[in-house]
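Here the structure comes first, spelled out in structure tokens, and everything after it is commentary.
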Amino acid sequence: MNPLRYELVFSDGTGSPRDLVIVERTHLTGSGGHPVYTDATGIIRAEISDRDEVRIIATGGHQEPSQGVRARPLPDTGPVGPESPTRRT
């Protein structure tokens, strides 16, 4: 079963974490047959497999595919945190 929420960790070329984004499951299914997740803005969309494999889905014409994105499942209950549902570090 797929979690309702994930924290996506975007890494730079060296593997160091660059950005963190919280995404929630939508009613959509990606081309691989896995649930599609999106952030609160709708800009970040990702298909995440049951093995936590991530495929970022472009939402605009000038987006480039992201490399080195990891998905960390979050608890299905409780608040997202003191910040907005999408946070970047």
Side-chain angles (χ1 to χ4, degrees):
M1 180 171 212
N2 295 85
L4 295 176
R5 301 181 308 151
Y6 277 95
E7 180 177 65
L8 297 182
V9 181
F10 292 82
S11 300
D12 62 14
T14 66
S16 297
R18 187 181 66 194
D19 287 320
L20 300 175
V21 178
I22 304 295
V23 293
E24 293 187 1
R25 189 169 58 206
T26 68
H27 66 281
L28 303 172
T29 301
S31 61
H34 304 288
V36 172
Y37 293 75
T38 187
D39 72 334
T41 67
I43 295 172
I44 304 294
R45 290 179 46 178
E47 179 180 5
I48 304 176
S49 77
D50 53 355
R51 295 187 300 179
D52 298 339
E53 300 163 321
V54 181
R55 183 178 66 85
I56 299 296
I57 301 169
T59 58
H62 298 288
Q63 287 181 324
E64 294 182 22
S66 296
Q67 304 292 336
V69 180
R70 291 180 296 138
R72 295 192 292 216
L74 295 175
D76 290 343
T77 59
V80 171
E83 301 147 342
S84 66
T86 303
R87 69 177 177 163
R88 295 180 184 263
T89 57

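The minimum heavy-atom distance between Leu4 and Asp76, with the atom names listed, is N-OD1, 2.9 Å. Minimum interatomic distance between Tyr6 and Ala71 (heavy atoms only, all atoms of both residues): CD2-CB, 3.5 Å. Of all the heavy atoms in Glu47 and Gly33, the pair that sits closest is OE2-N, 3.3 Å.
In this structure, CG in Asp52 is found 11.0 Å from NE2 in His34, a value given to the nearest 0.5 Å. The CD atom of Glu24 lies 10.0 Å from the CG atom of Asp39; values are rounded to the nearest 0.5 Å. In this structure, CZ in Arg70 is found 11.5 Å from CZ in Phe10, a value given to the nearest 0.5 Å. For the atom pair CD1 of Ile22 and CG of Leu74, the computed distance is 4.5 Å after rounding to the nearest 0.5 Å.
Side-chain atoms of Arg55 and Ser31 include a donor-acceptor pair closer than 3.5 Å.
Just one of Leu28, Val23, Thr26 meets the side chain to side chain contact (heavy atoms under 4.5 Å, CB included) condition when paired with Arg45; it is Leu28.
Cluster membership check: Ile44 does not share its hydrophobic cluster with Val36, using side-chain heavy-atom separations under 4.5 Å among Ile, Leu, Val, Met, Phe, Trp and Tyr.
Using modelled atom types, no side-chain atom of Glu7 and backbone atom of Arg72 make a donor-acceptor pair closer than 3.5 Å.
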Start with the C-alpha distance between Ile56 and Leu8, add both sets of side-chain angles, then the distance that settles side-chain contact (heavy atoms from CB on, under 4.5 Å), and finish with yes or no. CA-CA 10 Å; Ile56 299 296; Leu8 297 182; 4.3 Å; yes
